Amino acid sequence: MWICERMKEIHGWSRASLGEAFDINPPRYIRRGMLTPFVPMDAIPVNSRRPERTDRREYTGSGTRFRNGDTLVARITPCLENGKTAYISDLPDRVVAHGSTEYIVISGRQGVSDGLFGYYVARSPNFRDYAISRMEGTSGRQRVPADAIEAYQLNLPPLTEQHAIAQILGTLDDKIELNRKQNETLEAMARAIFKAWFVDFEPVRAKMEGRWKRGQSLLGMPAHLYDLFPDRMVESELGAIPEGWGVSALRDVCSYISRGISPKYIDFGGVAVVNQKCIRDFSIDFSKTRRHDASKRKIDDRLLKLWDVLVNSTGVGTLGRVAQVRRLPEATIVDSHVTVLRAGVEINPLYLGLVVGGMQQEIEALAEGSTGQTELSRAKLGELKILLPKNEVLDSFHDFTKSIFDGASSNQIDSDVLARIRDTLLSELVSGRLRVPVSLLNLRGAL
């Protein structure tokens, strides 16, 4: 009690339960049978603010309902432990969306609390630890009840300071989101170039049709690349391909094809482990990695290297997902559900990643086993046939797209730094250990 009174005296903050400061699962009306925005659990992010996507589904009368300004907290294992939390801000005005019954909705209360501040409270380590400690139910189906969330005690700053804290943290998240969108654009540019060169064979067809002549540029391709491409197509086991190019099995161009290990997990230390959940949209979410105790099970030469290609090799819906290692924040391995492909001297590693990344359907077709137990063997993956352009073409592609990938890498490094700053500030600002300068309290729109 003395500590609480002392905080109020020093900070002007008050002690309150989450249910006193915010509306928990507030009533939101949707007419049964209406087609409305729907946010599925797999779209709730772990390390960013906005849902990864919004679907549209008919409202059947069950599930949580929410609108812009609300926060969704996943309350069931393992989603709660993983930190799945989202702030809703992209719905059309006055539209109410719905989602899983396994969400708890936190909403700002008029004149008392800021909705975005509530999101950052829900992201704070203290709240997360509290919620996890209050989970109930049988193993594998545990969830935290709403009344336990309502009882969570927090230090509540004045509304002006809540606005300022939310704005500071929100500005960092906005920059991280901007970097993510820029990287999506850069990735799309690189894939468009890849498709033009190695799928549609546009440079070759342009020469065949007389649309590209020596000394001219073609769709942004410098004139000096003209002589790299033939002017004739020939038949192959993959169909018509440029003359002089070949077809090869992955096992013949990769120096390393191997599934990962079954890790001995620990909470701290060890090495990071990439699993199936880390691989999505051709990228690796390192925030979802777990830790392996290398002293209990040796990793030998299993550490990932830059430009390694990772292929999800088990499961339904995730099998065949591909990502390429374009950065390594720390020593990392993969678990036994992921296969690692490493380019040999015969192939450019960037090309290997892009060509395998475009073959998810073909990879899925190689899976064996019953429904729910599908697996992709290393041998089957190694038999997969890919187009093998001449080395000078691959080298030119690498040079042509290097600035694109360098830009994406720089954005990701920037975002990693911003995320660490955000997470440090979040704990300090939400707890009151770090105060917002008085000069910023009235500058909500200027931060």
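Remember, it's a predicted structure, so these values are computed and weren't measured experimentally.
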What's the shortest heavy-atom distance between M221 and F229, and which atoms? CE-CE1, 3.5 Å
Side chains of D285 and I279: closer than 4.5 Å at any heavy-atom pair? no
Under the side chain to side chain donor-acceptor pair (under 3.5 Å) rule, what pairs show up with a residue in residues 125-138, not counting sequence neighbours? T85-R128
Looking at R422, I'd like to know if its CZ atom is crowded, meaning that more than 12 non-hydrogen atoms belonging to other residues, nucleotides or ligands lie closer than 6.0 Å. yes
Checking the side chain of T64 only, and the main-chain atoms of S100 only, is there a donor and an acceptor separated by less than 3.5 Å? yes
Please check this pair: side chain of N312 against backbone of G320, looking for a donor-acceptor N/O pair closer than 3.5 Å. no
Mind running salt bridge (charged side-chain N to carboxylate O under 4.0 Å, His left out) on R180 and E177 for me, showing each step along the way? CA-CA 5 Å; R180 185 190 68 78; E177 176 67 10; 2.6 Å; yes
So, for I104 and A146, which heavy atoms are closest and what is the spacing to 0.1 Å? CD1-CA, 3.9 Å
Indicate every side-chain donor-acceptor pair of residues 321-331 with a distance under 3.5 Å to a residue at least two apart or in another chain.
| unit_1 | atom_1 | unit_2 | atom_2 | d |
| --- | --- | --- | --- | --- |
| Q324 | NE2 | W307 | O | 3.1 |
| Q324 | NE2 | P349 | O | 2.7 |
| R326 | NH1 | E187 | OE1 | 2.8 |
| R327 | NH1 | D416 | OD2 | 2.5 |
| E330 | OE1 | R291 | NH1 | 3.2 |
| E330 | OE1 | R291 | NH2 | 2.9 |
| E330 | OE2 | R291 | NH1 | 3.0 |

Backbone N or O of L116 within a donor-acceptor pair of the H163 side chain at under 3.5 Å? no
Side-chain donor-acceptor pairs under 3.5 Å in residues 354-366, sequence neighbours left out?
none

How close do P45 and P51 get, heavy atom to heavy atom, and via which atoms? CD-CA, 3.9 Å
Minimum side-chain heavy-atom gap D70-I106 below 4.5 Å: no
Please find the pair of heavy atoms, one from T374 and one from A367, that lie closest to each other, and give the distance. CB-CB, 4.2 Å
Determine, for K181 against E184, whether the closest basic-nitrogen to carboxylate-oxygen distance falls under 4.0 angstrom. no
Side chains of residues 383-400: which donor-acceptor pairs under 3.5 Å do they make with residues two or more places apart or in other chains?
| unit_1 | atom_1 | unit_2 | atom_2 | d |
| --- | --- | --- | --- | --- |
| K385 | NZ | E237 | OE1 | 3.1 |
| S396 | OG | E392 | O | 3.0 |

By side-chain hydrogen bond (donor to acceptor under 3.5 Å, both in side chains), D308 pairs with (sequence neighbours left out) R342
Using a strict threshold of under 4.0 Å (side-chain N to carboxylate O), is an ion pair present between R53 and D42? yes
I want to check something: taking the side chain as every heavy atom from C-beta on, are P158 and W13 in contact at a cut-off of under 4.5 Å? yes
Of the non-hydrogen atoms in Y120 and A166, which two are nearest, and what is the gap between them? CE1-O, 3.9 Å
G19 to I24 - nearest heavy-atom pair and separation: CA-CG1, 4.2 Å
Would you please say whether a donor-acceptor pair under 3.5 Å links the side chains of D173 and Y119? no
Mind checking whether I44 and C79 have side chains closer than 4.5 Å, heavy atoms only? no
Residues at least two apart in sequence or cross-chain that pass side-chain hydrogen bond (donor to acceptor under 3.5 Å, both in side chains) with N82, listed by chain then number, are none
Tell me whether the NZ or CZ atom of R191 lies within the 45° cone about the ring axis of F282 and under 6.0 Å from its centre. yes
Do the non-hydrogen side-chain atoms of D114 and I165 ever get within less than 4.5 Å of each other? no
Quick one: list whatever passes ring-ring contact (aromatic ring centres under 6.0 Å, His included) with Y226, sequence neighbours left out. W212
Walk me through it: do Y256 and R302 pass the test side chain to side chain contact (heavy atoms under 4.5 Å, CB included)? CA-CA 10 Å; Y256 181 86; R302 293 182 180 270; 4.2 Å; yes
Given 3.5 Å as the limit, does a donor-acceptor pair link the side chain of S410 with the main chain of D406, or not? no
Salt bridge (charged side-chain N to carboxylate O under 4.0 Å, His left out) against D252, all qualifying residues, sequence neighbours excluded: none
Between W245 and F201, is a side chain to side chain contact (heavy atoms under 4.5 Å, CB included) present by the stated rule, with each step listed? CA-CA 12 Å; W245 295 13; F201 308 123; 4.0 Å; yes
Backbone N/O of L80 and side chain of R75: donor-acceptor pair under 3.5 Å: no
For S236 and I241, indicate whether the former's side chain and the latter's backbone hold a donor-acceptor pair under 3.5 Å. no
Applying side chain to side chain donor-acceptor pair (under 3.5 Å) as the test, list every pair that has at least one member in residues 261-281; sequence neighbours left out. Q276-T314, Q276-T318
Are any non-hydrogen side-chain atoms of P263 and R290 less than 4.5 angstrom apart? no
Salt bridge check, E102 against K84: does any charged N sit closer than 4.0 Å to a carboxylate O? no
Contact list for residues 331-361, test ring pair (Phe, Tyr, Trp, His ring centres under 6.0 Å), sequence neighbours left out: F194-Y351, F198-Y351
Roughly how far, to the nearest 0.5 Å, is the OG1 atom of T289 from the CD1 atom of I284? 10.5 Å
Please determine if R259 and D335 form a salt bridge, counting it only when a charged side-chain N lies under 4.0 Å from a carboxylate O. no
Non-hydrogen side-chain atoms of L341 and V311 separated by less than 4.5 Å: yes
Donor-acceptor pair, side chain of E428 and main chain of L434, under 3.5 angstrom: no
List in chain and number order the residues that pass ring-ring contact (aromatic ring centres under 6.0 Å, His included) with Y103, two or more places apart in sequence or in another chain; answer none if no residue qualifies. none
My understanding is that only residues two or more places apart in sequence, or in another chain, count here; which of them pass side-chain hydrogen bond (donor to acceptor under 3.5 Å, both in side chains) with S415? N179
OG-CG distance between S124 and D423, expressed to the nearest 0.5 angstrom: 11.0 Å
Does some side-chain heavy atom of Q162 sit less than 4.5 Å from a side-chain heavy atom of L156? yes
